[in-house]
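Below is one structure, written out as structure tokens, with a few remarks after it.
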There are 2 protein chains.
Amino acid sequence: MRRRDCAAFESIGGVATYAPKESLFWEGDQADFHYRVVRGTVCLYKLLPDGRRQVSRFCHAGDFIGLSANAAYPYTADALNEVTVQRFRRADLEACMEESSTLRRAVFASIRDELNAAQNQLLLLGRKSASERVASFLVALTEQALRQGGESHVVVLPMTRVDIADYLGLTHETVCRIFSQFKAQGIVSFADPHEIEVCDDAALAVLADGDMDARLCA
Amino acid sequence: MRRRDCAAFESIGGVATYAPKESLFWEGDQADFHYRVVRGTVCLYKLLPDGRRQVSRFCHAGDFIGLSANAAYPYTADALNEVTVQRFRRADLEACMEESSTLRRAVFASIRDELNAAQNQLLLLGRKSASERVASFLVALTEQALRQGGESHVVVLPMTRVDIADYLGLTHETVCRIFSQFKAQGIVSFADPHEIEVCDDAALAVLADGDMDARLCA
DNA sequence: GGAAAAATTCGGATTTATACGTACGGGATA
DNA sequence: TATCCCGTACGTATAAATCCGAATTTTTCC
């Protein structure tokens, strides 16, 4: 998004901050606001009546939250760490979108990216094995780190193992075991469980979806 | 969408028909066109290199196809039966969206609904048991039939058991077994495997996500 | 700075839901 | 008529959940 549209954003929305574990809103709340993450990570999830949880997305700087909402939010949004967001009334954002075609395209591109990510996650949850899921997760994180200008192969995981498990449709024990396994195989390495260095991206890419082309390219 | 916008659609797009099992496009094809289903059912899916398949959506009359595409389609689209679609060049649709704010809202609402559906499917694939998945599937189909003005409790399944399995992240044997089980329990009944009568929607709703409220309401 | 709480990891044992393979019948199709 | 696909059924195999305990580390909080 270009600079002048960010300015438009700031004119219609306030800035809010949230402490770790604080909720921006709960599933079922009336969806009066849209959010855009400025700093920190937000975790979106749905719950079943018996407590089973599915994390649908981790939101980082630049991501919109709430674009898919109708009258009520379809998920709960928790801050994982110290989070700063822009917050604007839906009506204001919609009015602004009527005016600016650039803003419109930005919002549309954002929701389209979100839909694409969700469709990839469907494939992951429906058809991939436990280790393929963890590998895919790490690949996605390294790609995102690269896009954001990171140079090293170290990815930061602000979320807990339980969050990761609830994102990948696994248990935290399974996530732990597979991280250890990757470590033993020399694919990753880490001392701090929240900072993982990817040593062999090619191997990880192959594991992520059994793509033999990735191996040939390496 | 209001009638006058449908007219706008027809002015920029042609109509196309596809025979059963014919593909509208393949994953990776350059995404020059958007589609809108007029009649019939289209199945969207992704494949892993070894052939594992995840169906991301079944599209019925009124649904848009391809809105989430960037340069290339992120999935393959197959006609399940005799299908009629409107087809328009992306550039034309985008130009049209610049003009008509009503069309814009319609497209935006459509992609939002698609995202919502995908997020529900994430919960289903990540955290629900096999029978919960099948129950959820039947509940969604009956709700959709009601919205489209159907009165009876009979839902038509144009897709095969394999398609359903690939949509729900199961095998076709499991889908079969659970249909039989629901039949034995008197929850559904069917002679033709493609026309299923829902006898006990309350029981189905409870099975779909273990929601005790649904039982209390019944 | 220190105590308490939470998160991570490990190991293993058990369980079980569902995949996997195989088979068989029916209906559509060529 | 022969072939193929689809739906159904059944027995076995297995990946991952579940449960359990516990050591260690990290984070939180006073």
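Chain identifiers are assigned alphabetically (A, B, ...) following the order of the sequence lines, protein sequences preceding nucleic acid strands; residue numbering begins at 1 within each chain. Atoms considered below: every heavy atom in the structure, side chains included; atoms not considered: hydrogens, waters and symmetry mates.
- Judged by a 6.0 Å distance limit and a 45° cone about the ring axis, B:R161 is positioned over the six-membered ring of B:F179.
- In this structure, NE2 of B:H172 is placed 11 Å from P of D:dT8, rounded to the nearest angstrom.
- With distances taken from any side-chain atom of B:P193 to the nucleotides C:dA19, D:dT8, C:dA7, the minimum falls on D:dT8.
- Distance, B:D166 CG to D:dG7 P: 12 Å, rounded to whole Å.
- The side chain of B:S180 sits closest to D:dA9 out of D:dA16, D:dA9, D:dG7.
- Among the nucleotides D:dT8, C:dT18, D:dC20, the one closest to any side-chain atom of B:F190 is D:dT8.
- The phosphate of C:dC10 has neither OP1 nor OP2 within less than 4.0 Å of any side-chain N or O from A:R177.
- To the nearest angstrom, P of D:dA15 lies 13 Å from CZ of B:R52.
- Two residues, B:K128 and A:C176, neighbour DNA chain C, and the one matched to the more 5' nucleotide by heavy-atom proximity is A:C176.
- The distance between atom CD of A:Q181 and atom P of C:dT9, rounded to the nearest whole Å, is 14 Å.
- Using a 4.0 Å cut-off between charged nitrogen and carboxylate oxygen, A:D166 and A:R52 do not count as a salt-bridge pair.
- Computed from coordinates, the A:I196 CD1 to C:dT8 P distance equals 11 Å when rounded to whole Å.
- For the pair B:V162 and A:P20, both in contact range of DNA chain D, the more 5′-proximal nearest nucleotide belongs to B:V162.
- In this entry the distance linking CG of B:D50 with C1' of C:dC20 reads 15 Å, nearest Å.
- The nucleotide whose nearest atom lies closest to any side-chain atom of A:E173 is, among D:dC19, C:dT18, C:dT8, D:dC19.
- Atom CD1 of B:I178 is separated from atom P of C:dA17 by 11 Å (rounded to the nearest Å).
- One can place CG of A:N81 at 16 Å from C1' of D:dT26, the figure rounded to the nearest angstrom.
- Note on ring orientation: taking the six-membered ring where Trp is involved, the planes of B:F108 and A:F108 are tilted (angle from 30° to 60°).
- Phosphate proximity of C:dT8 to A:H194: present, with a side-chain N or O under 4.0 Å from OP1 or OP2.
- For the pair B:T171 and C:dC20, the criterion of a side-chain N or O lying under 4.0 Å from OP1 or OP2 is not met.
- B:F88 does not carry B:R36 over the face of its six-membered ring by the limits of under 6.0 Å from the centre and within 45° of the normal.
- Side-chain N or O atoms of A:Q144 include none that pairs as donor or acceptor with a backbone N or O of A:L141 at under 3.5 Å.
- When distances are taken from the side chain of B:T160 to each of C:dA19, D:dG7, C:dT8, the shortest belongs to D:dG7.
- A sub-4.0 Å separation between OP1 or OP2 of C:dA17 and a side-chain N or O of B:S129 is absent.
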